[in-house]
Amino acid sequence: HSDCSGRTKRQQSESKLAKSPRIDDSVTILLVDDDAVDVRGVTRALRKQGIDNPIVTAGNGLEALALLRGDGDLPAVPAPQLILLDINMPRMNGIEFLATVRDDRELCKTVIFVLTTSDDERDMVAAYKHHIAGYILKERAGKDFIDLVGMLEKFVITVRFPQSSA
């Protein structure tokens, strides 16, 4: 069967799919990293892969918590969030941040990927004890990093996020 334009139902649904956004743009990416060069690189790679989700950055765990909770002058980062977290940062490192987030009733279910230079097994074990979604080494840049960005894109497209912490 076809519509008034002569297109079949399959052509109509393919057209709708082509017009729909590739990623659920309601998911905000919080990038927590103290290295400005890495922040620019990750942001550029996400944009290059067509990930247009809002990206909010924080230079350490304390800043990230303030953004998530809406402390201070800034509004809270809207839920749902996906966090890309470095381990080695000043003031509050990634492991301390993970412990705090997992103990917070409002934030405990947040999806967090660790994206770090630390290849230390102790950091990896500590991070997984706090229920991270994955542990990725920054030094595996290049094709591996593009694969990571593609994986994040598929994750955000495929996985359903609740709109609230209820």
Side-chain angles (χ1 to χ4, degrees), residues 21-104 106-159 161 165:
R22 294 180 357 169
I23 286 187
D24 178 356
D25 61 4
S26 70
V27 176
T28 300
I29 298 170
L30 176 58
L31 178 54
V32 187
D33 196 322
D34 63 318
D35 186 322
V37 173
D38 286 348
V39 168
R40 281 193 306 272
V42 170
T43 302
R44 188 170 37 249
L46 292 169
R47 296 298 184 229
K48 188 174 183 180
Q49 290 297 310
I51 298 175
D52 294 326
N53 296 58
I55 299 174
V56 178
T57 61
N60 61 59
L62 290 176
E63 286 179 28
L65 284 173
L67 287 167
L68 288 167
R69 293 175 174 157
D71 296 344
D73 297 335
L74 299 173
V77 173
Q81 311 100 356
L82 183 140
I83 298 176
L84 300 177
L85 176 69
D86 189 17
I87 294 288
N88 301 311
M89 296 178 293
R91 297 182 67 206
M92 176 186 269
N93 70 34
I95 301 301
E96 295 164 334
F97 173 82
L98 285 167
T100 303
V101 166
R102 294 307 183 217
D103 285 341
D104 185 302
E106 296 296 315
L107 302 174
C108 65
K109 296 176 184 171
T110 304
V111 176
I112 303 173
F113 286 90
V114 170
L115 180 60
T116 186
T117 58
S118 176
D119 197 12
D120 188 322
E121 183 77 13
R122 293 169 297 188
D123 286 341
M124 192 180 310
V125 169
Y128 275 109
K129 281 183 180 178
H130 293 295
H131 311 289
I132 60 168
Y135 193 98
I136 300 120
L137 292 176
K138 287 181 190 175
E139 66 191 32
R140 299 185 59 143
K143 183 185 179 320
D144 285 350
F145 187 74
I146 297 301
D147 290 345
L148 161 68
V149 172
M151 185 268 305
L152 288 174
E153 176 185 32
K154 286 178 180 48
F155 184 88
V156 175
I157 291 170
T158 307
V159 175
F161 290 84
S165 59

(request) Take Ile87 and Ile95 through the side chain to side chain contact (heavy atoms under 4.5 Å, CB included) test and state the conclusion after the steps. (result) CA-CA 6 Å; Ile87 294 288; Ile95 301 301; 3.6 Å; yes

Rounded to the nearest 0.5 Å, how far does [atom2] of [Y] lie from [atom1] of [X]?
{"X": "Ile29", "Y": "Asp52", "atom1": "CD1", "atom2": "CG", "result": "9.5 Å"}
{"X": "Arg40", "Y": "Asp35", "atom1": "CZ", "atom2": "CG", "result": "8.5 Å"}
{"X": "Asp38", "Y": "Thr117", "atom1": "CG", "atom2": "OG1", "result": "8.0 Å"}
{"X": "Asp123", "Y": "Asn88", "atom1": "CG", "atom2": "CG", "result": "6.0 Å"}
{"X": "Thr28", "Y": "Leu67", "atom1": "OG1", "atom2": "CG", "result": "11.0 Å"}

To check you understand the geometry: which heavy-atom pair defines the closest contact between [X] and [Y], and what is its length?
{"X": "His130", "Y": "Arg102", "answer": "O-NE, 2.7 Å"}
{"X": "Val111", "Y": "Ala133", "answer": "CG1-CB, 4.0 Å"}
{"X": "Leu68", "Y": "Ala76", "answer": "O-CB, 3.6 Å"}
{"X": "Val114", "Y": "Ala127", "answer": "CG2-CB, 4.1 Å"}
{"X": "Arg69", "Y": "Thr100", "answer": "NH2-CG2, 3.7 Å"}
{"X": "Val27", "Y": "Pro54", "answer": "O-CD, 3.7 Å"}

(request) Report the residues that fulfil salt bridge (charged side-chain N to carboxylate O under 4.0 Å, His left out) with Arg122, sequence neighbours left out, ordered by chain and then residue number. (result) Asp120

(message) Pair Asn60, Glu63 - check side chain to side chain contact (heavy atoms under 4.5 Å, CB included), show working.
(response) CA-CA 6 Å; Asn60 61 59; Glu63 286 179 28; 3.5 Å; yes

Mind checking whether [X] and [Y] have side chains closer than 4.5 Å, heavy atoms only?
{"X": "Asp71", "Y": "Leu65", "result": "no"}
{"X": "Leu84", "Y": "Ile136", "result": "no"}
{"X": "Asp34", "Y": "Arg91", "result": "no"}
{"X": "Asp86", "Y": "Leu31", "result": "no"}
{"X": "Arg47", "Y": "Ile55", "result": "yes"}
{"X": "Val56", "Y": "Gln81", "result": "no"}

(message) Go through it in stages, so that I can follow the logic: the residues are Val101 and Leu98, the test is side chain to side chain contact (heavy atoms under 4.5 Å, CB included), and I'd like the CA-CA distance, side-chain angles, deciding distance and then a yes or no.
(response) CA-CA 5 Å; Val101 166; Leu98 285 167; 5.9 Å; no

(message) side chain to side chain contact (heavy atoms under 4.5 Å, CB included) for Asp33 and Thr116? Distances and angles first, verdict last.
(response) CA-CA 9 Å; Asp33 196 322; Thr116 186; over 6 Å; no

(message) Could you check whether any side-chain N or O of Tyr128 sits under 3.5 Å from a backbone N or O of Tyr135, counting only pairs where one atom can act as donor and the other as acceptor?
(response) yes

